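For clarity, every value in this text was computed on a predicted model and none was experimentally measured. Counting from 1, the numbers follow the sequence of the chain as shown. First listed ligand is number 1; within each ligand, the first listed atom is number 1.
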Amino acid sequence: MSGRQRELAFAASAAREEFAPGAWLLRGFVGAREADVLAAITVVIGQAPLRAMTTPGGKRMSVTTTSCGACGWVSDRRGYRYESDDPATGRPWPAIPAALAALARAAAAAVGHPAFAPNACLVNRYAVGAKMTLHQDRDETDFAQPIVSVSLGLPATFQFGGAERKEPTVRVPLQHGDVVVFGGPSRLCFHGVLPVKDGVHSELGPYRVNLTFRRAR
Ligand code: MD6
Ligand code: FE
């Protein structure tokens, strides 16, 4: 089977689960792309180093972050936003490597978003104990565009709620190689990541790495 045929077969397989309307878990979707994806991340981190951002409220985030693409996600005392230059280097963010863009497009297409063209890829690295508190992704301009999220390294538990913070959440286990696509009615739902449990991954060591691809503007 070609890669494209494999992806079409995946589209019909039991490895996909719509855990909320418009929110899909594609288990193991990274598959044979793994080596190219990991190599691409190493290149990006070499050009735009991971760093702990500060929230607008003045807290240091427990994850370390970088970006690639025309727009990179930035947080500091002035707020959350996308910027075309990396404030740490003063240079444009590195381009999204072809292997990463192809993965994101394939995942979006598999669940009904064939026109997804990401221009921002946020890289978050979680050490053991790091977490992401419940939040909405609302710094983008077009909420008709989905977000594609790729999980690598140590496993984690994704929390997924509703349109308001107080709504109950479901827990979705995420493993190395899983991809989540968030679109349509789930696009503005609150979500987060529980503290990453102690462990060592064969490729990424004591870390979880998450990539989120967006059409920022
Ligand atoms: C993470 N992900 O999995 C954090 N946001 O590390 C997110 O915040 C996220 O997975 C929007 C859509 C999908 C996500
Ligand atoms: Fe998010």
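For the residue pair Ser67/Asp86, the side-chain donor-acceptor check at 3.5 Å is not satisfied.
Remark: Arg187 fails to qualify as a cation-pi partner of Phe143 under the 6.0 Å distance and 45° angle criteria applied to the six-membered ring.
Summarising the hydrophobic clusters (Ile, Leu, Val, Met, Phe, Trp, Tyr; side-chain heavy atoms under 4.5 Å, direct or chained), the residues clustered with Leu134 are Phe190.
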Using residues 36-47 as the side-chain source, report each donor-acceptor pair under 3.5 Å to any protein atom, sequence neighbours left out, with the distance given to one decimal.
from  : atom 1 : to    : atom 2 : distance (Å)
Thr42 : OG1    : Leu38 : O      : 3.1

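Within 4.0 Å of ligand 1, contacts by protein heavy atoms are made from Tyr126, His135, Asp137, Ile147, Ser149, Phe158, Phe182, His191, Val193, Arg208, Asn210, Thr212.
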Could you walk me through whether Phe213 and Phe116 satisfy the ring-ring contact (aromatic ring centres under 6.0 Å, His included) test, starting with their C-alpha distance in whole Å, then the side-chain angles of each, then the deciding distance to 0.1 Å, before giving a yes or no? CA-CA 10 Å; Phe213 296 88; Phe116 182 55; 7.6 Å; no
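Checking side-chain atoms of Asn119 against main-chain N and O of Arg217 turns up a donor-acceptor pair under 3.5 Å.
Remark: at the Fe ion (ligand 2), atom NE2 from His191 and atom NE2 from His135 enclose 90°, rounded to the nearest 10 degrees.
For the salt bridge (charged side-chain N to carboxylate O under 4.0 Å, His left out) test, no residue two or more places apart in sequence or in another chain qualifies with Asp139.
Restricting Asp137 to its N/O/S atoms, the shortest distance to the Fe ion (ligand 2) is reached by OD1.
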